[in-house]
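Just so it is clear, the values below take in all heavy atoms, side chains as well, and ignore hydrogens, waters and symmetry mates.
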Amino acid sequence: MATTESKVRLSGLARCLVKADLLTEADSMAYHEEALNKDVSFATYLVNNELLDSQSIATCASQEFGIALFDLAAMDMERAPLGLVSEDLIQRHHALPLFKRGNRLFIALSDPTNLSALDEIKFHTRLNIETILVEEDKLAKGIDALMEAANTVMNELLDEDLENLEVTAGEGESTSDVTEADVNDAPVVRFVNKVLLDAIKKGASDIHLEPYEKSFRIRFRHDGILHEVASPPINLASRVIARIKVMSRMDIAERRVPQDGRIKMALSKNFAIDFRVNTCPTLHGEKIVLRLLDSNSAKIGIEHLGFDEQQRKHYLAAIAKPYGMILVTGPTGSGKTVTLYTGLNLLNSPDRNISTVEDPVEITVPGVNQVNMNMKTGLTFAEALRAFLRQDPDIIMVGEIRDPETAEIAVKAAQTGHLVLSTLHTNDAPQTLNRLAQMGVASFNIASSVLLIMAQRLARRLCEHCKTEIELPNQVKLDAGFKEGDLGDLTIYRANGCEHCVNGYKGRVGIYQVMPVTEAIRRLIFANGDALQLAEQARADGVNDLRESGLNKVRVGITSLEEIDRVTRD
């Protein structure tokens with residue numbers, strides 16, 4: 001009876017070794033118990049204690065279970081997909097990922113009957129697992145080499161002490177299927193913190209982490225242009241992306257649909273930077289983009305936005321009105337939100353009730369009631385606007401007018417004693433009026449509610465340390481848009497590049513078309529005038545278009561002609 005109980009307690013490999021007369025049944029049972037007590041695999045215990053050699057164990061297992069024996073020495077460990085399986089699982093189960101083919105992950109084991117290891121790895125990776133039999137001593141060396149290589153890579157990528165940096169998650173979905181070791185893998189934690197801190201130091205607006213088939217690329221968007229800053233080994237991609245998802249309180253097990261999250265990085269007791277995080281599943285893994293949200297960007301002052309004197313007067317006059325609508329238009333990333341929040345800061349006082357709805361809120365301002373749009377709960381721009389109008393508002397900001405319902409409510413709010421600020425996506429100011437009409441807003445409502453429309457772009461500023469004067473033929477200047485009267489004393493600079501800047505540029509400045517809705521433009525709106533007619537009238541009213549405003553920045557040496565061509569090209 002005792003013999004039967006012993007056989008039941010022995011693992012498949014232990015029974016195999018007894019059957020091959022390499023161990024007695026009593027010894028096998030005793031060694032198996034010791035291995036369990038020491039929390040190591042049976043094969044590891046036998047080899048480490050020199051009870052059996054690796055070759056004998058592997059040969060026995062290969063013959064008994066019909067699995068071919070693989071020589072791990074022939075494997076290039078630099079190609080092993082470490083990022084798919086955490087270091088904790090590798091070391092705890094003594095299992096080494098070798099390569100991935102489609103949805104199959106090939107795992108090297110010295111004990112092919114270790115089903116608990118295979119099941120747990122399958123659960124965490126969500127891949128089908130194929131077993132490869134290897135010798136125990138070579139497996140141990142392979143795991144050590146892989147761990148050392150990963151740590152070496154991380155140490156090379158890290159050059160600052162970031163362990164005390166305080167990083168917390170914003171509100172979002174909870175994570176699942178994440179071990180403590182996955183979350184707190186020190187080299188990965190330090191590397192991710194370094195990437196975030198470097199982006200802040202360099203003044204980046206966005207961080208892109210992009211996995212490809214054979215490479216992993218990290219890029220920063222600096223002054224509107226993407227620059228590659230790092231290319232870590234591809235086997236780190238999954239670990240880095242998983243770490244950011246954990247920090248953002250996303251579901252780390254969900255890789256099939258986009259997710260949104262938020263991270264807060266406290267640089268000091270009084271200063272923190274928020275990151276808006278979005279994941280998107282791609283062919284070779286999840287791409288992550290982090291948008292840096294700096295509340296101080298809305299406090300730069302209207303004099304630093306890039307308005308000329310007349311444009312600033314028009315904007316200040318419009319926000320001083322008790323009711324009406326101010327619209328800012330331009331592509332994504334053109335600074336519309338900063339322009340609107342600069343105006344809100346001027347209006348923000350204890351005697352005014354200011355409410356905003358955005359998707360999502362990017363800049364937090366004390367004293368302003370800010371609402372995040374949430375499609376899942378039905379909190380749309382239109383629903384938030386209806387709620388605002390029942391809360392005795394003075395000033396309302398709508399992140400974007402996207403649909404006829406939002407447009408109608410915003411226009412009615414502007415007509416009933418509220419100042420409404422919002423954005424639209426059109427190429428210039430005159431087209432915005434036509435866009436509202438296409439949304440179904442009646443022409444008389446547009447004419448009676450809209451006060452001011454601003455189209456804008458962001459152009460990079462020339463570095464004051466290295467910008468260089470250049471000579472251009474007069475015909476080139478005329479073709480660029482300059483007037484004959486400008487040519488005499490016109491000085492044009494080009495970007496050069498130095499240690500103080502990025503490719504000759506440092507910082508950005510706004511290029512604006514600021515169009516007040518005058519009586520003449522209102523008459524055109526009533527007559528259903530098209531964008532060309534509205535543009536001609538705006539020019540007659542003295543409104544510079546985006547190109548002319550850009551050329552003014554070139555005249556005073558703020559930016560280059562090449563940069564204005566880039567941001568104002570048709």
>> Quick one: does any side-chain atom of K336 pair with a main-chain N or O of G330 as donor and acceptor, under 3.5 Å?
In response: yes
> Can you find a heavy atom in the side chain of M250 that is under 4.5 Å from one in the side chain of E286?
Replying inline: no
> Is Q513 reaching over with its side chain to a backbone N or O of D428, donor-acceptor style, under 3.5 angstrom?
Replying inline: no
>> Suppose we screen for side-chain hydrogen bond (donor to acceptor under 3.5 Å, both in side chains). Which residues come up paired with R508, at least two apart in sequence or across chains?
In response: none
> Do L209 and V289 touch side chain to side chain, with heavy atoms closer than 4.5 Å?
Replying inline: no
>> Can a side-chain donor-acceptor contact be found between Q311 and S549 if the only test is distance below 3.5 angstrom?
In response: yes
> What residues, two or more places apart in sequence or in another chain, satisfy side-chain hydrogen bond (donor to acceptor under 3.5 Å, both in side chains) together with S422?
Replying inline: none
> Can we say D198 and K194 salt-bridge, meaning some charged N sits less than 4.0 Å from an Asp/Glu carboxylate O?
Replying inline: yes
> Between S215 and Y212, is there a donor-acceptor pair closer than 3.5 Å when you use the side chain of the first and the backbone of the second?
Replying inline: no
> Does the pair R402/D359 count as a salt bridge with the N-to-O cut at 4.0 Å?
Replying inline: yes
> What distance separates N503 CG from D223 CG, expressed to the nearest 0.5 Å?
Replying inline: 10.0 Å
> Which heavy-atom pair separates P211 from G285 by the least distance, and what is that distance?
Replying inline: CG-C, 3.9 Å
> With S205, which residues qualify under side chain to side chain contact (heavy atoms under 4.5 Å, CB included), at least two apart?
Replying inline: R221
>> Quick check against the 3.5 Å criterion: does H222 have a side-chain atom that pairs as donor or acceptor with the backbone of K202?
In response: yes
>> Between R352 and D394, does any NZ, NE, NH1 or NH2 come within less than 4.0 Å of an OD or OE carboxylate oxygen?
In response: no
> Can you name the residues that form a salt bridge (charged side-chain N to carboxylate O under 4.0 Å, His left out) with E563, not counting sequence neighbours?
Replying inline: R460, R566
>> Main chain of P366, side chain of N348: is a donor-acceptor contact present, judged purely on distance under 3.5 Å?
In response: yes
> Any salt bridge between R219 and E228, counting N to O under 4.0 Å?
Replying inline: no
Please output the side-chain donor-acceptor pairs of residues 367-374 that fall under 3.5 Å, not counting sequence neighbours, one pair per line with the distance.
| residue | atom | partner | partner atom | Å |
| --- | --- | --- | --- | --- |
| N369 | ND2 | N353 | OD1 | 3.1 |
| N369 | ND2 | I354 | O | 3.0 |
| Q370 | OE1 | V365 | N | 3.0 |
| Q370 | NE2 | Y341 | OH | 2.7 |
| Q370 | NE2 | I363 | O | 2.5 |
| N372 | OD1 | V361 | N | 2.6 |
| N374 | OD1 | K376 | N | 3.1 |
| N374 | OD1 | T377 | N | 3.4 |

> Going by heavy atoms in the side chains, are T380 and M375 under 4.5 Å from each other?
Replying inline: yes
> Does S248 reach the main-chain N or O of K245 with its side chain, forming a donor-acceptor pair under 3.5 Å?
Replying inline: no
> Judged by atom type as modelled, is there a donor-acceptor pair below 3.5 Å linking the side chain of K553 to the main-chain atoms of G306?
Replying inline: yes
>> Between V450 and I453, is there a side-chain heavy-atom distance shorter than 4.5 Å?
In response: yes
> How about T342 and N345: does a side-chain donor come under 3.5 Å of a side-chain acceptor?
Replying inline: no
>> Quick check: closest heavy atoms across A95 and I107, and the distance to 0.1 Å?
In response: CB-CG2, 3.7 Å
>> For I396, is there any backbone N or O sitting under 3.5 Å from a side-chain donor or acceptor partner on S355?
In response: no
>> What's the separation between atom CD1 in I143 and atom CD1 in I90, rounded to the nearest 0.5 Å?
In response: 7.0 Å
>> Counting C-beta onward and ignoring hydrogens, is there a side-chain heavy-atom pair between F220 and L226 closer than 4.5 Å?
In response: no
>> Once salt bridge (charged side-chain N to carboxylate O under 4.0 Å, His left out) is applied, do any residues pair with E408, and if so which ones, sequence neighbours excluded?
In response: none
> Does the side chain of F191 come within less than 4.5 Å of L236's, by heavy atoms?
Replying inline: no
>> Rounded to the nearest 0.5 Å, what separates atom CG in L105 from atom CG in L118?
In response: 10.0 Å
> If you measure from CD1 on I241 to CD on E210, what distance do you get to the nearest 0.5 Å?
Replying inline: 10.0 Å
>> Just verifying a value: how many Å separate L346 CG and Y315 OH, rounded to the nearest 0.5 Å?
In response: 7.5 Å
> Closest approach of I252 and A242, non-hydrogen atoms and distance?
Replying inline: CD1-CB, 3.4 Å
>> Any carboxylate oxygen within less than 4.0 angstrom of a Lys/Arg side-chain nitrogen, looking at R256 and E254?
In response: yes
>> Does either side chain, that of Q456 or that of T339, offer a donor lying less than 3.5 Å from an acceptor on the other one?
In response: yes
> Is it the case that H208 and K287 place a side-chain donor and acceptor less than 3.5 Å from each other?
Replying inline: yes
> Are V192 and V240 close enough that some pair of their side-chain heavy atoms sits under 4.5 Å apart?
Replying inline: yes
> Where the side chain of T329 meets the backbone of L424, is there a donor-acceptor pair that is under 3.5 Å apart?
Replying inline: yes
>> Would you compute the distance between atom CD1 of I401 and atom OG1 of T432 and round it to the nearest 0.5 angstrom?
In response: 10.0 Å
